[in-house]
Amino acid sequence: MILIIMMTLSLLGGQSPAEPHISPQTPDAAHTWQFERTDLDIADTPSAQKTGGETREVIIRKALNALNTSHDSDAYRFSVTPRWIPGSLERVDAAKITSVEPEGNVERYTNFTVTYRERGRTQTANVQLMVETERMLPVATQRIMSGDILENRSLEMRWVSVPYDRGQLVEQINEIEGKTLRRTLSDGQPIRYADISSDYLVEAGDTVEMIYEQNGLRIVIEGEARQSGAQDDEITIYNKETRKRYVGKVSSPGVVLWKGTL
């Protein structure tokens with residue numbers, strides 16, 4: 001009778017309370033599955049995450065050190081954060097990272113070469129880091145209007161965020177003191193070399209030659225410069241005979257090229 005009851009429970013999917021449950025998976029199979037899973041997800045293990053974090057920190061520290069070594073600390077300062085680092089590099093032991101050097105110009109997104117030792121060999125990998133650059137530069141301490149003479153009292157040196165540095169920014173106050181401003185500056189704004197007028201080739205009130213050239217026709221007339229202008233500046237000229245005002249581009253001392261009629 002007991003045998004019949006046990007067979008009936010087995011067919012119905014049940015089991016005898018007296019019989020222990022035995023998993024259909026053997027210990028060897030379970031062990032193999034866990035090993036394969038660990039191998040596939042090795043980057044997600046706590047030890048791998050710790051290694052990746054330490055490696056990133058070392059890369060950032062060495063990149064920052066390379067930037068500070070190659071730039072004057074009184075004129076530049078940097079902050080660096082990772083933008084893209086290969087996963088294979090993050091799994092490298094942080095102690096094996098030997099150097100991190102920038103490639104080319106330092107910009108907001110800068111590529112770096114990482115050198116490390118792996119299995120007794122020197123290897124390299126590329127990463128991209130976001131570099132925030134600040135420079136100590138002369139800035140306006142108040143609003144300065146176009147045409148004003150730059151004076152020491154209206155300028156001071158401040159740290160300025162510079163996303164891209166192409167050599168356009170004035171670096172020292174003595175470079176521009178006494179120069180004429182070509183565009184209006186706001187308080188705290190750095191100054192570009194393009195914002196500064198070079199020596200005037202035409203002074204306001206001068207009599208100048210204005211050259212008109214169009215379709216092979218060349219006409220030269222005289223006029224009075226209503227503005228001072230350096231090379232390639234556009235100024236206003238007045239002609240008494242025509243009683244009209246013209247816009248001309250300064251090309252040489254006392255000579256402007258006609259650009260339009262006002």
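Glu156 is linked by a side chain to side chain donor-acceptor pair (under 3.5 Å) to Arg158, counting only residues two or more places apart in sequence or in another chain. Glu175 is linked by a salt bridge (Lys or Arg N to Asp or Glu O under 4.0 Å) to nothing, counting only residues two or more places apart in sequence or in another chain. Among residues two or more places apart in sequence or in another chain, the side chain to side chain donor-acceptor pair (under 3.5 Å) test is passed with Thr236 by Gln227. Checked against side chain to side chain donor-acceptor pair (under 3.5 Å), Gln189 has no partners two or more places apart in sequence or in another chain. By the side chain to side chain donor-acceptor pair (under 3.5 Å) test, Glu107 is found to be paired with Arg166, residues two or more places apart in sequence or in another chain being considered.
Residue Met157 is grouped with residue Ile176 when hydrophobic side chains (ILVMFWY) are merged at heavy-atom distances under 4.5 angstrom, including chains of intermediate members. Residues Ile191 and Ile173 fall within the same hydrophobic cluster, defined by Ile, Leu, Val, Met, Phe, Trp and Tyr side chains chained together at heavy-atom separations under 4.5 Å. If you chain together hydrophobic residues whose side chains sit under 4.5 Å apart, Tyr193 and Leu150 fall into the same group. Linking ILVMFWY residues whenever their side-chain heavy atoms come closer than 4.5 Å, directly or via other members, leaves Val131 and Val162 in distinct clusters. Under the 4.5 Å side-chain contact rule for hydrophobic residues, Val256 and Trp258 share a cluster.
Closest approach of Thr55 to Val92, counting heavy atoms only: OG1-O, 2.6 Å. Ala66 approaches Glu101 most closely through the heavy-atom pair CB-OE1, 3.8 Å. Annotation for Phe112 and Ala63: closest pair CE2-CB, 3.8 Å, computed over non-hydrogen atoms. Contact between Val80 and Ile60 at its shortest, heavy atoms only, is O-CG2, 3.6 Å. Here the closest non-hydrogen pair linking Pro190 and Leu169 is CB-CD2, 4.3 Å. Closest approach of Leu155 and Ala140 over heavy atoms only: CD2-CA, 4.2 Å.
Listed by first and then second residue, the ring-ring contact (aromatic ring centres under 6.0 Å, His included) pairs involving residues 67-109 are His71-Tyr76, His71-Phe78 (not counting sequence neighbours). Legend: salt bridge (Lys or Arg N to Asp or Glu O under 4.0 Å) pairs involving residues 71-80, not counting sequence neighbours, sorted by first then second residue: Arg77-Glu134. Sorted by first and then second residue, the side-chain hydrogen bond (donor to acceptor under 3.5 Å, both in side chains) pairs with a member in residues 242-255 read Asn239-Thr242, Thr242-Tyr246; sequence neighbours excluded. Applying the side-chain hydrogen bond (donor to acceptor under 3.5 Å, both in side chains) test to every pair with at least one member in residues 138-151, sequence neighbours left out, gives these pairs: Glu151-Arg153.
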Show every donor-acceptor pair shorter than 3.5 Å between a side-chain atom in residues 203-213 and any protein atom, with sequence neighbours excluded, or say none if there are none.
{"unit_1": "Glu203", "atom_1": "OE1", "unit_2": "Ser228", "atom_2": "OG", "d": "3.3"}
{"unit_1": "Asp206", "atom_1": "OD2", "unit_2": "Glu203", "atom_2": "N", "d": "2.9"}
{"unit_1": "Glu213", "atom_1": "OE2", "unit_2": "Arg218", "atom_2": "NH1", "d": "2.9"}

Which atom pairs, one a donor and one an acceptor, fall under 3.5 Å between side chains of residues 120-128 and the rest of the protein, sequence neighbours left out?
{"unit_1": "Thr122", "atom_1": "OG1", "unit_2": "Arg117", "atom_2": "NH1", "d": "2.7"}
{"unit_1": "Gln128", "atom_1": "OE1", "unit_2": "Arg83", "atom_2": "NH1", "d": "2.3"}
{"unit_1": "Gln128", "atom_1": "NE2", "unit_2": "Asn111", "atom_2": "OD1", "d": "3.1"}

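Side-chain N or O atoms of Thr110 include none that pairs as donor or acceptor with a backbone N or O of Val106 at under 3.5 Å. A distance-only check finds no donor-acceptor pair linking the side chain of Thr115 to the backbone of Thr98 [under 3.5 Å].
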**Message:** Test side chain to side chain contact (heavy atoms under 4.5 Å, CB included) on Leu137 and Val170; report intermediate values, then the result.
**Reply:** CA-CA 7 Å; Leu137 298 170; Val170 175; over 6 Å; no
**Asked** Going through the checks in order, is the side chain to side chain contact (heavy atoms under 4.5 Å, CB included) test met by Ile97 and Leu89?
**Response** CA-CA 10 Å; Ile97 305 293; Leu89 181 60; 4.2 Å; yes
**Item:** Candidate pair Ile196 and Leu181, rule side chain to side chain contact (heavy atoms under 4.5 Å, CB included), full reasoning
**Value:** CA-CA 5 Å; Ile196 307 303; Leu181 193 61; 4.1 Å; yes
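Using a 4.5 Å cut-off between side-chain heavy atoms of Ile, Leu, Val, Met, Phe, Trp and Tyr, Ile149 forms no hydrophobic cluster with any other residue.
Once rounded to the nearest 0.5 Å, the distance linking CG of Leu201 with CD of Gln231 reads 5.5 Å. We find the CG-CG distance between Leu129 and Leu67 to be 8.5 Å, quoted to the nearest 0.5 Å. Between the CZ atom of Arg56 and the CD1 atom of Ile59 there is a distance of 9.0 Å, given to the nearest 0.5 Å. Remark: Lys179 NZ to Glu177 CD distance equals 11.5 Å, nearest 0.5 Å.
A salt bridge is defined here as a Lys NZ or Arg NE, NH1 or NH2 lying under 4.0 Å from an Asp or Glu carboxylate O, and Arg135 with Glu171 meets this definition. Under 4.0 Å is where a charged nitrogen must lie from a carboxylate oxygen, and between Lys96 and Asp93 no such pair does.
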